[in-house]
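Just below is one structure, and these are the notes that go with it.
Lettering of chains follows the sequences in order, A, B, ..., and the numbering in each one begins at 1.
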Amino acid sequence: MLHIVNKSPYERNSLDGCLRIAKKGGAILLIEDAVYAATKGNAAEAKLKSAMANLPVYALSADLEARGMHESVIDGVKLVDYAGFVDLVAENPNVQSWL
Amino acid sequence: MEEEMSGTIKKFMFINRKAPYGTVYALEGLEVVLISAAFDQDVSLTFADDGVYQLRKGQHTKGIDVKNFSPTYRALEGYDIEKLYVEKESLDARGLTEDDLLVPVEVLTSAEIGALMDEQDVVISF
Amino acid sequence: MKFAILVNEGPYNHQASDSAYQFAKAAIDKGHRVSRIFFYHDGVNNATRLTEPPQDDRHIVNRWTKLAEEQSVDLVVCVAAALRRGLVEENLAPGFRISGLGQLVEAGIQSDRLVTFGD
């Protein structure tokens, strides 16, 4: 299952809910304000790193660039463009948006 | 209103993560759930995070002049929507127990909710 | 693959409409089909023809209309959510149609993936 998160970890608990419930074998995609969670030194960095042991974490490059954060992405987070976003939705059997 | 799809039965899970009244998502989400009953699908509802507050007993909305839609959760059974799951961790974090809820539910752990989500064909989150 | 999309937020206020549009375009560019986009909650405001953004801004409503015309994407606005927010046939932009919530459930049944963009 693909888990899409779009909220900054400072503003909402969407990422926490996702990390608590998402199962091994799935993937997490950070878009919109959730890309701040994919950057070095942010409050969710440790949580995200430990999640990455179980499921891959992707971030939408256009959203990182728009926010000036593309140079400070946590090692191991994979960057995708919108085409890569489409591929992730197609590759995973189902999708959940953590609104 | 709409015609039923013949044949296909998919697993639909509606995930409610928002509190009622502060925003419209809980109410309009419930409207989708009610419509889904007409399509003979395998429907379940999950309540997690602030969504568990939707099921809190004793909601009185006269003072804010907004419709109290909480009795609708008790009517879901009449629509053959009987799978209501509540995440235990979300209840615990809010100091709530099953007794605080206005409708019978199945309390599941995060891991159990995650496993159920994986089995779905369609997940819609409000 | 056949995709359906759910848009739950209004244009210009939230990035959801932009993300949904970029996703739809990328899916079509990759050879997938976007069969239906359903607009719900404040998302119904994506469908008003009265929208007039400044010249140097993207025109979110026209973008949807163009997508409907060129790629025959079915743009459906929820009638109950629309009426609540003052959107009716008279101010509906070309390419959109107003219909019931059943169209969302039907999109979930008939498509391979339903992707939600919202708050």
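The minimum heavy-atom distance linking C:Ala26 with A:Ala83 is given by the pair CB-N, 3.9 Å. Across all non-hydrogen atoms, the minimal contact from C:Ser19 to A:Glu32 is OG-OE2, 2.6 Å.
Summarising the geometry, atom CZ belonging to C:Phe117 is positioned 9.5 Å from atom CG belonging to A:Asn6; distances are rounded to the nearest 0.5 Å.
In this structure, C:Arg113 contributes its side chain and A:Ala90 its backbone to a donor-acceptor pair below 3.5 Å. C:Thr116 contributes no side-chain N or O that, together with a main-chain N or O of A:Ser97, makes up a donor-acceptor pair within less than 3.5 Å. Using a distance-only test at 3.5 Å, with no hydrogens or angles considered, no donor-acceptor pair links the side chain of C:Asp119 to the main chain of A:Leu99.
Taking a 6.0 Å sphere around CD of C:Glu52, one finds it holds 12 or fewer heavy atoms contributed by other residues, nucleotides or ligands. Atom CG of C:Asn13 is surrounded by 12 or fewer heavy atoms from other residues, nucleotides or ligands within 6.0 Å.
Between C:Phe23 and A:Tyr82, the gap from one ring centroid to the other reaches at least 6.0 Å.
Partners of C:Arg97 by salt bridge (Lys or Arg N to Asp or Glu O under 4.0 Å), not counting sequence neighbours, listed by chain and number: C:Asp74.
Interface remark: C:Asp18 contributes no atoms to any contact with chain A (heavy atom separation under 4.5 Å). The contact between A:Asn92 and chain C is made entirely by backbone atoms, counting heavy-atom distances below 4.5 Å. Contacts of C:Leu6 with chain A are absent, with no heavy-atom separation under 4.5 Å from either backbone or side chain. Using a 4.5 Å cut-off between heavy atoms, A:Leu60 does not touch chain C at all.
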### Message
Please determine whether side chain to side chain contact (heavy atoms under 4.5 Å, CB included) holds for the pair C:Val115 and A:Leu2, giving the CA-CA distance in whole Å, both sets of side-chain angles, and the decisive distance to 0.1 Å.
### Response
CA-CA 10 Å; C:Val115 187; A:Leu2 177 67; over 6 Å; no
### Query
Should A:Asp33 and C:Gln15 be marked as a side-chain hydrogen bond (donor to acceptor under 3.5 Å, both in side chains) after you check the CA-CA gap, both sets of side-chain angles, and the distance that decides it?
CA-CA 9 Å; A:Asp33 286 349; C:Gln15 202 187 337; over 6 Å; no
### Query
Between A:Asp87 and C:Lys30, is a side chain to side chain contact (heavy atoms under 4.5 Å, CB included) present by the stated rule, with each step listed?
CA-CA 9 Å; A:Asp87 289 340; C:Lys30 290 197 68 99; 2.8 Å; yes
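For chain C, the option among A:Ser14, A:Ala62, A:Pro93 with the highest count of heavy-atom pairs below 4.5 Å is A:Pro93.
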